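It should be emphasised that the depicted structure is a prediction, and the values quoted were computed from it without experimental measurement. Scope of the values below: all heavy atoms of this structure, side chains included, with no hydrogens, waters or symmetry mates.
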Amino acid sequence: MLKNPATKYASFPPIQIPNRQWPNQVIRQAPIWMSTDLRDGNQALFEPMNVERKMRLFSRLVKTGFKEIEVAFPSASQTDYDFVRTLIEGGHIPDGVSVEVLAPAREALIRRTFEALKGAHSAIVHIYSATSPSFREMVFSMTKQEVLRMVVSSIRLVRELSRENPETHWTLEYSPENFTATELDYALEVCDAVTETWGATPDDKIILNLPMTVEMATPNVYADQIEWMHRRLDHRNSVLISLHPHNDRGTGVAAAELGLMAGADRVEGCLFGNGERTGNVDLVTLALNLYTQGISPNLDFSDINAIARDYEECTQMPIHPRHPSVGDLVFTAFSGSHQDAIRKGFAAQEEKTRWDIPYLPVDPADLGRNYDSVIRINSQSGKGGVAFLLEQEYGIVMPRRLQVEFSGEIQHRTDEGGGEIDAKHIWELFSASYLENREPLAYVEHHLFENGETQGIELSVEFSGKKHKLTGEGNGPIDAAVNALASIGFHVQVRSYEERSMSGGGNARACAFMEVTRAEGGREYYGVGMDPNIVTASIKALISGTNRLFAQNAEGAKSAE
């Protein structure tokens, strides 16, 4: 039994706004997006990303269309400092992209931050200081005026250092941390002082980030706070109001949307809602919410599977199967009535008309996904637990997307023969589809070798009735094998890889699952390999997936020859 909350928690007081405007507003264009996956998101990981994974995620963010990316807290650790230097010195920051870094309002740390950014083409220096009563009184033991003086002094230093480094285009961002718990008149006083000290103009705007550091109230309260500031800020035409909502109450997306209606220009968050505690606001959901309202988000999610796989592999954080628009099960109908409505909707949908399919607010094809799971998985759901039987009888624990793919094979078989299908026949079909498919390629053997810092492979396969000995190099055995196959025209890329042990002891066998697609992108197909040696199992899985991929298109297989 929960305790009486009234004796322990205080409700958030209402904001007095005469004639508030945000409830009547409509979002008509995408905000400026800022990804903090590499900073706020990274610090929230159980195991922070190494340089390789951070670089991979940075490249994915750039490819997706982010123009502002918070990459590090360089004064907090040598690792973050070195990553900023790697980005700048390695020429990894494209034109038109600004890197952002975070720094507290402290002189030594601000100077260290500018050292890290030396030589950048365009940089956003993000200064923050906590302004709420609890922080002022309990954490810092400072008065309002002492906090204000500290902030103004820090902004003067940033202005001085930026003028000493004119080769970089500098933008100042300031955050009154814990803004939503700060007295509004005091937050306004601090923000106006920052704007005045920096000397913001309409051509050189300052970013005032008003974070919901901890979500403390309903989303409409945040909207009221943003509108209150929006109406009263000095030099409003020289300011970009930025939102940084967290998700402690589970309404971060709603708070961000209402905040944009209240006058904000910019949103900070993470892909798929990563971040401290319950996470930052989910930028993917926000952007695709705009998309389903007919507004271009100015971000490219046309291959959402590739984005999701990069995110999962870089962060080691799984995406929930029910994540809006992206989860593995969101386009899957288990209910027979849902499936019937969806099928009829597809039949009635005409080209060049507005999207209107029951239960599907977004067209899966727009995100690079397909309809197979929508149509097939429910058809299979009444014919027994395929995944359960394979796991119980044969020790095969399939990845979720392989379950969806293989259900199509089962559906085809049951539609032809009718009736039930037992574990033995499911295993036979699984083996024929994934383990014994030898066309157009058949694995023979392989040998690994080292070549300096790269891994090499000599791979023997049968192709077109002849044995071929292929050679490839890469950053590991799988990458080397991919390059070896490319030498005879099979150009593929690996989207995901998983491995599992099927049994213990001396008879242990490895089972590898590999999701592959053509090098130029497109639909993914799974391959499966089994062998006592995990590397061998992985290479067999690669060839299995390649066979399934090219077997779907006879012209593609023929051109590969």
Side-chain angles (χ1 to χ4, degrees), residues 1-18 20 22-23 36 39-41 43-46 102 104-105 128-148 150-151 175-191 208-230 232 242-262 264 267-270 272-282 285-286 317 320 322-324:
M1 183 78 177
L2 286 173
K3 296 179 180 179
N4 181 5
T7 64
K8 188 169 185 178
Y9 301 98
S11 61
F12 205 92
I15 309 299
Q16 300 301 320
I17 299 185
R20 59 173 52 82
W22 67 259
T36 186
R39 201 279 302 169
D40 204 339
Q43 76 181 27
L45 298 177
F46 179 77
L102 187 69
Y128 75 95
S129 60
T131 54
S132 66
S134 59
F135 274 85
R136 294 195 312 260
E137 297 163 10
M138 292 187 290
V139 180
F140 300 131
S141 298
M142 297 175 71
T143 65
K144 286 182 176 180
Q145 287 307 308
E146 286 174 330
V147 172
L148 180 60
M150 176 185 70
V151 171
S175 290
E177 188 186 8
N178 220 17
F179 160 76
T180 50
T182 301
E183 307 94 322
L184 281 174
D185 57 350
Y186 180 60
L188 180 67
E189 180 184 2
V190 173
C191 287
L208 293 179
N209 187 48
L210 305 178
M212 188 164 61
T213 308
V214 178
E215 191 176 26
M216 304 173 66
T218 50
N220 61 295
V221 173
Y222 189 47
D224 281 348
Q225 292 170 320
I226 297 302
E227 181 170 331
W228 194 95
M229 294 289 287
H230 168 63
R232 291 167 174 79
S242 180
L243 309 175
H244 185 112
H246 278 257
N247 200 44
D248 300 88
R249 292 171 53 95
T251 56
V253 168
E257 291 178 331
L258 298 188
L260 290 172
M261 293 163 61
V267 177
E268 300 186 353
C270 290
F272 309 110
N274 185 29
E276 296 282 12
R277 302 180 310 281
T278 56
N280 291 274
V281 69
D282 183 339
T285 298
L286 265 176
M317 293 276 286
H320 196 282
R322 297 295 182 188
H323 185 285

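The closest side-chain heavy-atom distance from V267 to L260 is below 4.5 Å. Looking at N220 and W22, their side chains come closer than 4.5 Å, going by heavy atoms from C-beta outward. In this structure the side chain of L210 reaches within 4.5 angstrom of the side chain of C191, judged on heavy atoms. Taking 4.5 Å as the limit, some side-chain heavy atom of P211 sits within range of a side-chain heavy atom of P176. Side-chain atoms of S134 and V139, non-hydrogen and from C-beta on, never get closer than 4.5 Å to each other.
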Taking it one step at a time, do E177 and H244 satisfy side chain to side chain contact (heavy atoms under 4.5 Å, CB included)?
-> CA-CA 10 Å; E177 188 186 8; H244 185 112; over 6 Å; no
Check against side chain to side chain contact (heavy atoms under 4.5 Å, CB included), V214 and H246 | CA-CA 6 Å; V214 178; H246 278 257; over 6 Å; no
Walk me through it: do K3 and K8 pass the test side chain to side chain contact (heavy atoms under 4.5 Å, CB included)?
-> CA-CA 9 Å; K3 296 179 180 179; K8 188 169 185 178; 5.5 Å; no
Could you check L258 against M261 for side chain to side chain contact (heavy atoms under 4.5 Å, CB included), going step by step and ending with a plain yes or no?
-> CA-CA 5 Å; L258 298 188; M261 293 163 61; 3.7 Å; yes
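Identified under the salt bridge (Lys or Arg N to Asp or Glu O under 4.0 Å) test for residues 212-226, with sequence neighbours left out: R20-D224.
Annotation for T218 and R249: closest pair CG2-NH2, 3.3 Å, computed over non-hydrogen atoms. Here the shortest heavy-atom pairing between Y186 and K144 reads OH-O, 2.7 Å. Taking each heavy atom of N280 and G275 in turn, the nearest pair found is ND2-CA, 3.2 Å. Of all heavy-atom pairs between A130 and F140, the closest is CB-CE1, 3.6 Å. Closest non-hydrogen pair, V281 versus E268, comes out as CG1-O, 3.3 Å. The two residues L184 and I15 come nearest to each other via the heavy atoms CD1-CG2, 3.9 Å.
For E137, the side-chain contact (heavy atoms from CB on, under 4.5 Å) partners two or more places apart in sequence, or in a different chain, are P133. For T180, the side-chain contact (heavy atoms from CB on, under 4.5 Å) partners two or more places apart in sequence, or in a different chain, are M212, M216, Y222, Q225. Residues forming a salt bridge (charged side-chain N to carboxylate O under 4.0 Å, His left out) with R232 (at least two apart in sequence, or on another chain): none. Q16 pairs by the side-chain contact (heavy atoms from CB on, under 4.5 Å) definition with P14, not counting sequence neighbours. Residues passing the salt bridge (charged side-chain N to carboxylate O under 4.0 Å, His left out) test with D40, sequence neighbours excluded: none.
Using cut-offs of 30° and 60° for the angle between ring planes, the H323 and F272 rings count as perpendicular.
Not one N or O on the side chain of S175 forms a donor-acceptor pair closer than 3.5 Å with the backbone of Y128. Counting only distance, with no hydrogens or angles, the side chain of D282 and the backbone of T285 share a donor-acceptor pair below 3.5 Å. Between the side chain of T7 and the backbone N or O of N4 there is at least one donor-acceptor pair closer than 3.5 Å. T182 places a side-chain N or O within 3.5 Å of a backbone atom of S132 that can act as its donor or acceptor partner.
Considering SG of C270 and CZ of R39, their distance stands at 8.5 Å, rounded to 0.5 Å. Atom CG of N247 is separated from atom CG of N274 by 11.5 Å, given to the nearest 0.5 angstrom.
S242 and N209 share a donor-acceptor pair across their side chains, judged by distance under 3.5 Å alone.
Residues R136 and E183 are paired through a salt bridge, judged by an N-O separation under 4.0 Å between the basic side chain and the carboxylate.
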